[in-house]
Asker: 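Before anything else, here's the structure in question.
When a ligand or atom number is given, it counts from 1 through the structure's own listing order. In this text, all values refer to a predicted model and were calculated from it rather than measured experimentally.
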Amino acid sequence: MKVAVLTGGGDCPGLNAVIRAVVRRAAEHGFEMMGLRDGWKGLLEDNHFRLTRETTSGILHRGGTILGTSRVNPFKVENGLERVKRAVERNGIHAVIAIGGEGTLSAATRMSQEGLRIVGVPKTIDNDINATDFTFGFDTAVEIATQAIDRLHSTAESHKRVIVCEVMGRHVGWIATYSGIAGGADVILVPEIPADLPKVAEHIQRRHASGRTFSIVVVAEGTRIKTSEDPSEHLVTTGALDEAGRPRLGGVGNIVAQEIERRTGFETRVSVLGHIQRGGAPTPHDRVLATRYGVHACDMVARGEFGKMAALRGNDIVSVDLSDATRELKRVPKEFFEVAQVFFG
Ligand code: F6P
């Protein structure tokens, strides 16, 4: 039985660990494994190669994906669905394991509704996939962001400055909230709550009035703000669009820093972590989670559990409906964020 695997959307530490686990388990089930290049594009363009124990050896700890990735959505491409169906038939593919985030898994959900045999694996550093406690890659991103905040602390303290650290998080503030709590941030701004910059400035002023000489502000890239130049609530974008046609985010940290300096008079700097959070080796936690997801996804194919996604519930890996996973995004709950707020100002 031939089984194809693809990685779609932004890359993420742990992708290779999933691919390796899928291939190793596939050998036990007697599946022949095929790697699709660059996400759904691999089917649209019939671009793939054989995955074996040899071609997937030594990749457990490596960042990125040996399959390549893209944000191409087959439903937004002319005759995309037909082209995918034809490639599946022509190559005798029994099932597709789609490893991806919101975009890739939404396409996977529709593909499965169109009759293809699909199994999903939840990937994203943003941790915004519903129906799973955690996606792999998130722990690594939080580790990197926390280390960065620790480093910013010592330089902020020495220079008596405010430092704003911009982290990823397009729709949700999981990375900002986790790394902010772990790094002892004095203010955390997330997409779930539009930023109130005058209030942020007050927090910082109150903190400095009580004897502190520096402050750390963590802001997720997808946080909506209002400024004197643009008083409507807005996202900060580069003006360009990504491959999926979404506005490219970036720059909110700079604007937050300018507003803080203008309102408080404290010298303020900004540090944008960007893709550093997505690159490089996964943490041991993510390697284990990714490995468990890969083994489970392969077993799902063997059991004929299609239209489903491997998910983490507590400490168990379970199978959930893809439609539940992609119905809505998993946002930071209010009660969780309130823990972070205890330490503001
Ligand atoms: O993978 C999700 C994400 O990390 C978002 O937080 C971010 O907006 C996006 O990727 C940026 O990805 P790229 O620059 O590769 O388009």
Asker: I want to check a possible cation-pi pair here: R207 against F214, using under 6.0 Å from ring centre and within 45° of the ring axis as the test.
Answerer: yes
Asker: Tell me the residues surrounding ligand 1, counting only those with a heavy atom closer than 4.0 angstrom, sorted by chain and number.
Answerer: R71, I125, D126, M168, G169, R170, E221, H275, R278
Asker: Side chains of H61 and P284: does their closest heavy-atom pair fall under 4.5 Å?
Answerer: no
Asker: Can the positive tip of K76 be found less than 6.0 Å from the middle of the six-membered ring of W40, inside 45° of the ring normal?
Answerer: no
Asker: Evaluate the side chain to side chain donor-acceptor pair (under 3.5 Å) criterion for residues D139 and T283: first the C-alpha distance (whole Å), next the side-chain angles of each, then the deciding distance (0.1 Å), finally the verdict.
Answerer: CA-CA 7 Å; D139 184 68; T283 57; 2.6 Å; yes
Asker: Would you call D316 and R313 a salt bridge, taking side-chain N to carboxylate O under 4.0 Å as the test?
Answerer: no
Asker: Rounded to the nearest 0.5 Å, what's the gap from CD1 on I19 to OG1 on T291? Could you check?
Answerer: 11.5 Å
